[in-house]
Number of protein chains: 2
Amino acid sequence: MTTIRDVAEYAQVSVATVSRVLNKKGYVQSATKEKVEKAINDLDYKPNDVARSLFKGKSKMIALLVPDITNPFFPELARAVEDLCNQNSYTFILCNTDNSYEKEATYLNSLQQKSIDGMIIVSDTISPDYIGKIKVPIVLLDRVFEKGDYSYVKVNNREGACNATNYLKEIGCKKIAHIAGPSSVLNAKDRMKGYIDAVAYESWFSNDLIITSDYDMKLQASTENIKALLQKHPDVDGIFAANDSIAIRTMKVAEEMKIKIPDDLSIIGFDGISLGEITSPSLTTMAQPIYEMGRKAASMIMDEINDPSLPKRMEKLEVNFMKRQSTRKKG
Amino acid sequence: MTTIRDVAEYAQVSVATVSRVLNKKGYVQSATKEKVEKAINDLDYKPNDVARSLFKGKSKMIALLVPDITNPFFPELARAVEDLCNQNSYTFILCNTDNSYEKEATYLNSLQQKSIDGMIIVSDTISPDYIGKIKVPIVLLDRVFEKGDYSYVKVNNREGACNATNYLKEIGCKKIAHIAGPSSVLNAKDRMKGYIDAVAYESWFSNDLIITSDYDMKLQASTENIKALLQKHPDVDGIFAANDSIAIRTMKVAEEMKIKIPDDLSIIGFDGISLGEITSPSLTTMAQPIYEMGRKAASMIMDEINDPSLPKRMEKLEVNFMKRQSTRKKG
DNA sequence: TAGATTCGTGTAACCCGTTACATATATCCT
DNA sequence: AGGATATATGTAACGGGTTACACGAATCTA
C-alpha cells in the first residue's frame, strides 16, 4: 500500500503538502500541486480512509437497522437510503434485527465502536432510554415512540387507515372487517385505531370483526384465523388489512374459499409494496411513500451529522390511495 | 470516549497489559486481569474498532454488491450474507450497482480505501481484468466469467433450464416457448442454452419461439413482446421463463389475454423467489437455493480472509424443482 | 547452582492521515 | 522603510489500539 509518505517522498515535498493537495485546503503553489498530483497518479495512491476516520472520529458510514430485509417493505427503503449514501460518499451498512432486543443492542454497540456517523432505525423493540444513551445521530423510521425528543419519519397511519376504511364504505361495503398487525408493532395499533375511527358508530360493527395477524407474508400460522373470520362472518364484504402482506395472504385465503375478489369481497391493504401490483387481482392499497421516507430519513441523518446542534425533526408524510383491482364499487 | 490509556491509568497498569486482557493474548496474572476488567467495567470502556483496523489493516467488514436490492432475488441473498456476517462479528455493507460500470468502480475503490476484508459480487458488467487488480478476497456470485481464477458460487443454470423445459415436455406440452433474459446477463445465456438443449430436435421448434425480456419485474417495456409471442403462436402451451419475475409478468399478460393458466398454458420460472408462492396461480419454478448460495459465498469469503493462501473454490449448487400451480399435466 | 525457560509487565514504535504551529518569503499599506 | 498580511511549506504531535522488544522475577533443568 502506498502511503501519503511515499507520495511526499516521490514528489519531494512534505506529507502536509500532500494532504493539502488531497483535501484542497490551505495554500499550495500550483507548481507544487502538479508535482504532487503527478506523484499521486504515478504511484496510484489512494488515501486510507481508516486512518482518516481515526483522526476525525468519523467514518463516513451510515447504518440502517430493519427487522428483516426479506420483508418486502424494506428493500425499497434500503435502496433509498443507500442511494443517498452513495450520492454523498457514505458507506451503507445494513443490519437485520429480527426485532430482537439482543441483536439490536449488539449492533448498536459494534456500530458505535466503528465510529458510525448515523443510524436509521426501524424497530418496535428498542426503548427510548436505550436510544437516549447513544451519542450518534439517530433517525427513527416508520415506527416511533410516543414520547421523547427524537427525529423521526413516519406516515399518518391512523388517518390513512381511517381513509382506507372509509373508502370501503364509499364503494358500498356493508360490513367491513379489519385484519390487524401484531400488537407489538407500533404502527399496527394506529392503523387499528384508524379503522375503529371509521366504523365505531356503524350498526354492524362488533369487536370480533377485528383479528390479529402477523406482518410477515411467509408465516402461514394466521391463515386459519382469516379463514375463521370469513366463515363466521360470511356477510363481510370489505376487509381493511393492516398491511399489504396480510392483504395478499387474505386474497389467497379468499380464493381458496371460492370467494370472488372484488365481486364478493373488496380488500384494501396498506404500504404500497410493489408486490401488490403483480398479484391477480392487483391490490388496492394505501401506499406509503416508501422511497421518499428512506430518502428523507437519510437526508435528515446527514444534516444532523453535519450539524449536531440541529433541533430534532419530526416528519409525517402522507399516504397515497392507490386504486387497483381488489376493490370494486357495489351495484 | 474512554481510551485504553484511561483504562490503563485507572487500573494502574500499562496499555499493553490492558490490550492483553482485551485480546486474551499473552501472559497476564489473574489478579492484574481482574483489576483491568474492573477498570473496563467501571469506565464502560469499548475499544475503538477504527484504531484497531488501522493497525491491523483489516476492518471486519464484508461488502455485497448487487445490481438492485429491490429486485426480489436479492433480499434473501443479502439476508444470508448478513446473517453470517453477524454470526462472525463482521459488519455488512450493501451496495447497489445498477450494473453500472462506473458505480461498480467507485464502490470497489471506496471499499478498498476502507480496508474492507472481502467482497461478494453479483455483476454482469465487471471485467476479469478489473477484478484481478483487487487485492481483497472476492467471491463472485450467481454470475461468473468463463475464464480466470476466481472463487464463485453459482447454480447449474443450463441443466436446470433443460430440466425445466423437459418437465413441460413431460406433462404433455406440444410447443414450448422461451422468454429469455437480457443477453447482457451471463446466466440468461446459459438458461437459454438449456432450453435449446431440450427442444433443439423437436419438430415444432423454431427460433422465433425465443424472445428476450428484461429481468426486472417493474419494467413493462417487454410486455408487448410477450403478448406478440402469444398472438403469433396461439398453439404455444408451455413457456419456460428465464426467471420468476418474467414468469410472473407472463402470467399477467396471459391473464389479460384470457389465456387460462395452467389449463391453456403451463408456465415455469427459474429462481424460486418467494413471490412465486403468493401469485394466483402460484408459480412452478426451478428454485435456486438462494439463502444457501449467500451463506456459502459468505463462508468462502471468511475462509479466504482467514487464510489468503487458500486455493480458489468454485461451487456449483443444484437447483430444485418446485411444483406449484402454474403447470398442469395434459389430458 | 548456573543457565535455560516460562511468566509478567512496561516502553515505545507503529499503523496513516490530519493539522496546529513554526518558519520563511512575498506582497501590501502607510 | 518597516510592520502587517497573505502565501507556501515543513515538523511533529495526535487519534487509539497493537505488539516487538526489553527487562525482571519465578520456575525448571541437569
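Since we're looking at a predicted model, the values are computed, not measured. As a basis for the values below, the full set of heavy atoms in this structure was taken, side chains included, without hydrogen atoms, waters or symmetry mates. Below, read A as the first sequence line, B as the second, and so on, with proteins coming before strands; counting in each chain starts at 1.
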How many whole angstroms separate atom [atom1] of [X] from atom [atom2] of [N]?
X     : N      : atom1 : atom2 : answer
A:M1  : C:dC16 : CE    : C1'   : 11 Å
A:Q29 : D:dA8  : CD    : C1'   : 7 Å
A:N48 : C:dC14 : CG    : P     : 17 Å
B:R5  : D:dT19 : CZ    : C1'   : 13 Å
B:K33 : C:dG8  : NZ    : C1'   : 14 Å
B:L22 : D:dG17 : CG    : P     : 8 Å
A:R52 : C:dG17 : CZ    : P     : 8 Å
A:Y27 : D:dG10 : OH    : P     : 17 Å

Verify the distance criterion only: is there a donor paired with an acceptor across the side chains of [X] and [Y] at less than 3.5 Å?
X      : Y      : result
A:D129 : A:S127 : no
B:E104 : B:S123 : yes
B:Y10  : B:D42  : yes
A:D142 : A:N187 : yes

Base, sugar-phosphate, or nothing for [X], non-hydrogen atoms under 4.0 angstrom?
X     : answer
B:V13 : sugar-phosphate
B:N23 : sugar-phosphate
A:T32 : sugar-phosphate
B:V50 : nothing
B:S19 : base

request  = Might you work through the side chain to side chain contact (heavy atoms under 4.5 Å, CB included) test for B:N41 and B:E37, ending with a clear yes or no?
outcome  = CA-CA 6 Å; B:N41 249 309; B:E37 278 165 349; 5.5 Å; no
query = Quick one: does B:L111's side chain get under 4.5 Å of B:L65's, heavy atoms only?
reply = yes
Any [X] side-chain nitrogen or oxygen under 4.0 Å from OP1 or OP2 of [N]:
X     : N      : result
A:T17 : D:dT9  : no
A:S14 : D:dG10 : yes
B:K25 : D:dT19 : yes
B:K56 : D:dT19 : yes

Look at the side chain of [X] and decide which nucleotide, out of [options], has an atom nearest to it.
X     : options                : value
B:A16 : C:dT11, C:dG17, D:dG17 : C:dT11
A:F55 : D:dG17, C:dG17, C:dG10 : C:dG17
A:L54 : D:dT9, C:dT18, D:dG15  : D:dG15

inquiry  = Nearest heavy atom decides the nucleotide; on that basis, is B:A51 or B:R20 closer to the 5' end of DNA chain C?
reply    = B:R20
